[in-house]
Engineer: 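Next up is a structure, given as structure tokens.
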Amino acid sequence: MPLQKLQYRPGVNRESTNYANEGGFYQSDKIRFRSGYPEKIGGWQSVSNPTLYTYKGVARSLCNWITLDGANLNAAGTNQKLYVENGGNYNDVTPYATASPTALANNPITTTSGSKLVTITASGHGITAGTYVIFAGATAVGGLTIVGEYEIVTTPDGNSYTIINPTAATSTATGGGSGVTAH
């Protein structure tokens with residue numbers, strides 16, 4: 001039997017069945033097509049610098065696009081947040097649950113001496129553990145100033161929730177002032 005030249009169509013076609021796709025590729029793994037021929041992908045390179053910024057959660061989906069001005073962007077959806085990677089930096093673009101920050105009651109922050117757990121009083125907050133809240137306008141209480149983004153650890157009832165501060169409180173106290181907002 002003489003040798004016969006095989007001609008395969010470039011690309012992977014999943015629009016039909018494996019048998020109907022004769023002369024083409026139906027499935028593949030770690031290959032790309034160059035000049036009409038398949039070639040293995042020769043490794044990978046990290047796009048971002050993990051020491052500069054890491055994202056929260058486990059990446060579940062990626063979407064890449066190029067803007068009209070030529071910027072190459074990559075969206076990374078995790079189980080906790082949504083990020084857009086641009087130039088190696090991940091920018092948090094997770095939408096807020098509310099349109100504007102919510103003003104909390106006077107002195108809504110409670111600390112316990114030696115503990116990193118901080119309790120926030122917020123009547124009828126309706127949020128669940130694992131979501132994030134951004135605080136602004138708080139004054140120091142128990143040696144801590146609760147300002148910035150925190151993950152909600154527990155929601156013992158509908159009127160309070162707990163967060164973890166990076167450092168432990170130096171005293172047991174309730175305070176935070178009258179201008180605390182949560183977003």
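Computed from heavy atoms alone, side chains included, the values below leave out hydrogens, waters and symmetry copies.
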Engineer: Using side-chain contact (heavy atoms from CB on, under 4.5 Å) as the criterion, list what pairs up with Thr17, not counting sequence neighbours.
Structural biologist: Tyr19, Ala20
Engineer: Taking the side chain as every heavy atom from C-beta outward, state whether Asn74 and Val84 have any atom pair closer than 4.5 Å.
Structural biologist: no
Engineer: State whether a side-chain donor-acceptor pair under 3.5 Å links Asn91 with Tyr83.
Structural biologist: no
Engineer: May I have all residue pairs that pass side chain to side chain donor-acceptor pair (under 3.5 Å) and include part of residues 59-71, sequence neighbours excluded?
Structural biologist: Asn64-Asn72, Thr67-Asp69
Engineer: Flag the pair Asn21 / Tyr26 as yes when at least one side-chain heavy-atom distance between them is below 4.5 Å, and no otherwise.
Structural biologist: yes
Engineer: Do Leu117 and Ile164 make a side-chain contact, defined as non-hydrogen atoms from C-beta onward lying under 4.5 Å apart?
Structural biologist: yes
Engineer: Please identify each residue that fulfils side-chain hydrogen bond (donor to acceptor under 3.5 Å, both in side chains) with Thr162, with sequence neighbours left out.
Structural biologist: Thr154
Engineer: Show me, pair by pair, the donor-acceptor contacts under 3.5 angstrom made by side chains of residues 173-183, not counting sequence neighbours?
Structural biologist:
{"residue": "Thr174", "atom": "OG1", "partner": "Thr110", "partner atom": "OG1", "Å": "3.4"}
{"residue": "His183", "atom": "NE2", "partner": "Thr98", "partner atom": "O", "Å": "3.1"}

Engineer: Applying ring pair (Phe, Tyr, Trp, His ring centres under 6.0 Å), name anything that partners Phe25, two or more places apart in sequence or on another chain.
Structural biologist: Tyr8, Phe33
Engineer: Looking only at non-hydrogen atoms, find the nearest pair between Leu144 and Ala168 and report the distance.
Structural biologist: CD2-O, 3.7 Å
Engineer: Going by the salt bridge (Lys or Arg N to Asp or Glu O under 4.0 Å) test, which pairs reach into residues 95-120, not counting sequence neighbours?
Structural biologist: none
Engineer: Using atom types as modelled and distance alone, determine if a side-chain donor or acceptor of Thr94 lies under 3.5 Å from a backbone N or O of Leu82.
Structural biologist: yes
Engineer: Do Asn86 and Asn89 have side chains that approach each other closer than 4.5 Å (heavy atoms only, starting at C-beta)?
Structural biologist: no
Engineer: For Val12 and Ser28, which heavy atoms make the closest approach, and how far apart are they?
Structural biologist: CG2-OG, 3.4 Å
Engineer: With the side chain counted from C-beta on, respond yes when Pro108 and Phe135 share a heavy-atom pair under 4.5 Å apart, and no when they do not.
Structural biologist: no
Engineer: Keeping to residues at least two apart or across chains, list the salt bridge (Lys or Arg N to Asp or Glu O under 4.0 Å) pairs with something in residues 130-156.
Structural biologist: Lys56-Glu149, Lys81-Glu149
Engineer: Output every pair passing salt bridge (Lys or Arg N to Asp or Glu O under 4.0 Å) with a member in residues 12-31, not counting sequence neighbours, ordered by first then second residue.
Structural biologist: none
Engineer: I'd like to check Ile109 versus Ile120 (side-chain heavy atoms, cut-off strictly below 4.5 Å). Are they in contact?
Structural biologist: yes
Engineer: Do Asn79 and Val58 come within less than 4.5 Å of each other through their side chains, counting heavy atoms only?
Structural biologist: yes
Engineer: Throw together a table of side-chain donor-acceptor distances under 3.5 angstrom for residues 122-134, partners on residues two or more places apart or in other chains.
Structural biologist:
{"residue": "His125", "atom": "ND1", "partner": "Ile127", "partner atom": "N", "Å": "3.1"}
{"residue": "His125", "atom": "NE2", "partner": "Asp157", "partner atom": "O", "Å": "3.1"}
{"residue": "His125", "atom": "NE2", "partner": "Ser160", "partner atom": "O", "Å": "3.0"}
{"residue": "Thr131", "atom": "OG1", "partner": "Thr128", "partner atom": "O", "Å": "2.7"}
{"residue": "Tyr132", "atom": "OH", "partner": "Gln80", "partner atom": "OE1", "Å": "3.0"}

Engineer: With Asn159, which residues qualify under side-chain hydrogen bond (donor to acceptor under 3.5 Å, both in side chains), at least two apart?
Structural biologist: none
Engineer: Could you list the residues that satisfy salt bridge (Lys or Arg N to Asp or Glu O under 4.0 Å) with Arg34, not counting sequence neighbours?
Structural biologist: Glu39
Engineer: Please list, chain by chain and in numerical order, all residues satisfying side-chain contact (heavy atoms from CB on, under 4.5 Å) with Thr139, sequence neighbours excluded.
Structural biologist: none
Engineer: Could you measure the distance from the CD1 atom of Ile163 to the OH atom of Tyr161? Nearest 0.5 Å is fine.
Structural biologist: 7.5 Å
